[in-house]
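Okay, structure first, notes after.
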Amino acid sequence: MRVLLAFGSRPEIIKLAPVYQALDRRPDVQTDAVWTGQHVELAAGLLDLFDIQLTVDGGLDSLRQPELTDKFGEIVRLIGDQLRRGRYDWLVVQGDTTTAVAASIAGFLCKVPVAHVEAGLRTNDLQSPWPEEFNRRLVSVATSVHFAPTPRAEVNLIREGIPPASIHVVGNTVVDALLYTRRRVAGDYQPIDRAISNLPPGKLVLATTHRRENIGEPMIRVLQALRTLGKDGDKVIVLPAHLNPDVRQTVDEILGEAPNVRVLAPLQYQDFVHLLSRAWCVVSDSGGIQEEAPSFGLQILITRETTERPEVLHSGFGRLVGSDAGSIVRGVRALTASPSPQLLSRPNPFGTGDAGERIAAVLAGEADQMLQAAE
C-alpha cells in the first residue's frame, strides 16, 4: 500500500504526524509526505520533532503571497503532479486549510481516494471561521473515508448525507501529538526560546490570537483585556505572537509596554507544550488549543463567537467569551483567584492518544477491501 500525506501548515504537521508515524511503522506501507509550505516559519522544528521525511518539499514562493486564490492553484498543481508520478492507494489530508481543500480536489480529479482526518467539524456559518468552514465542507465532498474526531462530528457528516459506513470515529490526532511531545519535555526541560526561561514569577496565563475574523476591533478588545490583566500584578500574560503582519502590528501597539505581559516570537511545539504544562488558564481563538488544553486539565476562554468544537464547552473545559473585554478579564480573574491552578480532573473529550494507529489500521483495511473488490 502506498499513501501520500499532504500538509502545508503547522497544525497540519502536528495533527498528521501521528498518522505518518503509525503508517511508517508498518512494513507493508510506503508512506510519502508532501509539504506545500504555507507556514514555513511557523513549522520550524516540527519535521525533526516527529521524524517526518519529506518526499516533496514544495516550498512554493507563491504561497507567501496573501491571495488565497494564488495559493490554491499552486497547491492543486503541486499535489496533482505528485499523484500522477506515483501509484497511490490513499491521499490523506487534515482539517480545513487551503492545502487540505486544494489537495482533496487534486486527489478527486486524479481518482485517488481521499481520507480526511478531523472530518465533520461544523459551525454552520460560512463566515465563521472564514474560510475554514467553506474549506472543510468542500473537502467532505471529495472524501472517500472520513475520520471524525468525535461522535458529534460523525452526526454532522451523516446530516449532510455522508454514508455512515464511510465514517470512522477515531479521536483527534492532536492528542497523540501532544502526549508524544509532553513526554519529551517532561522533567528538567530547557526551553528552546530563552525568553521562556526568563519569565518572571506569577500565575501564567497563556494567550494566542490570530484568526482572520478577529483582526481589527475584536482583536484590539482582546489585547486590551490582556493589558488590563497584566496590571493586576499577580499574573504573567504570555502571548506568542503570530507572524501575520497585521496581527503583529496590533499586538505591539497595545502590549508593547504593558506590565507583566510578555510577547514572544512564534514558539516551537515543544516550548508551547511546556508552557501549557505551566499555565493556569488559556485565552485563545485557536481551534487546536481547544483540543490540547484539556489534556492538562486547563480551562480555556475562547475568544470567538462560535466554535466547531462544542465538546470543549459541554465538557466544562471551555467557555465562549467572544471579544468582550469585560468577560475576558472577569473570566481570567476567576480562574486565577485560588492559590493553585483550578485544573479539571476529567478526560479530554477529543481522544486518548491512539487516533493515529486507528487511522492507519482503517486505511490498511480499506485498501485491502478495495483490492479484493477489484479482483
Would you kindly confirm whether Leu91 and Leu109 end up in one hydrophobic cluster when ILVMFWY residues are joined by side chain heavy atoms under 4.5 Å apart? yes
Test: salt bridge (Lys or Arg N to Asp or Glu O under 4.0 Å). Region: residues 24-35. Which pairs qualify, not counting sequence neighbours? Arg2-Asp32, Arg25-Glu357
So, are Arg137 and Glu160 salt-bridged, with charged N and O less than 4.0 Å apart? no
Hey, any chance Leu78 and Val93 share a hydrophobic cluster, counting ILVMFWY side chains that come within less than 4.5 Å of each other, even indirectly? yes
Electrostatic pair Arg77:Glu74 at N-O distance under 4.0 angstrom: yes
Do Arg152 and His314 have side-chain N/O donor and acceptor atoms under 3.5 Å apart? yes
Going by atom types alone, do Glu253 and Thr250 pair a side-chain donor with an acceptor below 3.5 Å? no
Check whether any side-chain heavy atom of Arg122 lies under 4.5 Å from a side-chain heavy atom of Ser140, and answer yes or no. yes
Below 4.5 Å, heavy atoms only, C-beta onward: do Pro191 and Ser197 meet side chain to side chain? yes
How long is the gap from NZ on Lys235 to CH2 on Trp280, to the nearest 0.5 Å? 9.5 Å
Does a salt bridge link Asp81 with Arg85, judged by any charged N lying under 4.0 Å from a carboxylate O? no
Check the pair Thr55, Trp35 against side chain to side chain contact (heavy atoms under 4.5 Å, CB included), reporting the backbone distance first and the verdict last. CA-CA 8 Å; Thr55 308; Trp35 162 245; over 6 Å; no
Just checking, any donor-acceptor pair under 3.5 angstrom between side chains of Ser9 and Thr97? no
Quick one: CZ on Phe272 to OG1 on Thr208, what's the gap to the nearest 0.5 Å? 6.5 Å
Could you check Arg221, Gln224, Glu305 and say which one makes a side-chain hydrogen bond (donor to acceptor under 3.5 Å, both in side chains) with Ser323? Arg221
Got a sec, which residues hit side chain to side chain donor-acceptor pair (under 3.5 Å) with Asp125, two or more places apart in sequence or on another chain? none
More than 12 foreign heavy atoms under 6.0 Å from CZ of Phe108: is that the case here? no
Under the side chain to side chain donor-acceptor pair (under 3.5 Å) test, residues paired with Glu154 that sit two or more places apart: none
Taken in chain and number order and not counting sequence neighbours, the residues that satisfy ring-ring contact (aromatic ring centres under 6.0 Å, His included) with His146 are none
Do Asn260 side-chain atoms and Val236 backbone N/O form a donor-acceptor pair below 3.5 Å? no
Classify the side-chain pair Asp285/Thr303 by whether it contains a donor and acceptor separated by less than 3.5 Å. no
Out of Arg333, Lys203, Arg330, which residue meets the salt bridge (Lys or Arg N to Asp or Glu O under 4.0 Å) rule with Asp232? Arg333
Sub-3.5 Å donor-acceptor pair from the side chain of Thr123 to the main-chain atoms of Ser128, do we have one? yes
Does one side chain, of Glu311 or Thr150, offer a donor that lies under 3.5 Å from an acceptor on the other? yes
Side chain to side chain donor-acceptor pair (under 3.5 Å) partners for Arg227, two or more places apart: none
Distance-only side-chain donor-acceptor flag, Gln53 / Asp51, under 3.5 Å: yes
Lys15: what forms a salt bridge (Lys or Arg N to Asp or Glu O under 4.0 Å) with it, not counting sequence neighbours? Glu118, Glu291
Residues Gln82 and Tyr88: side-chain donor-acceptor under 3.5 angstrom: yes
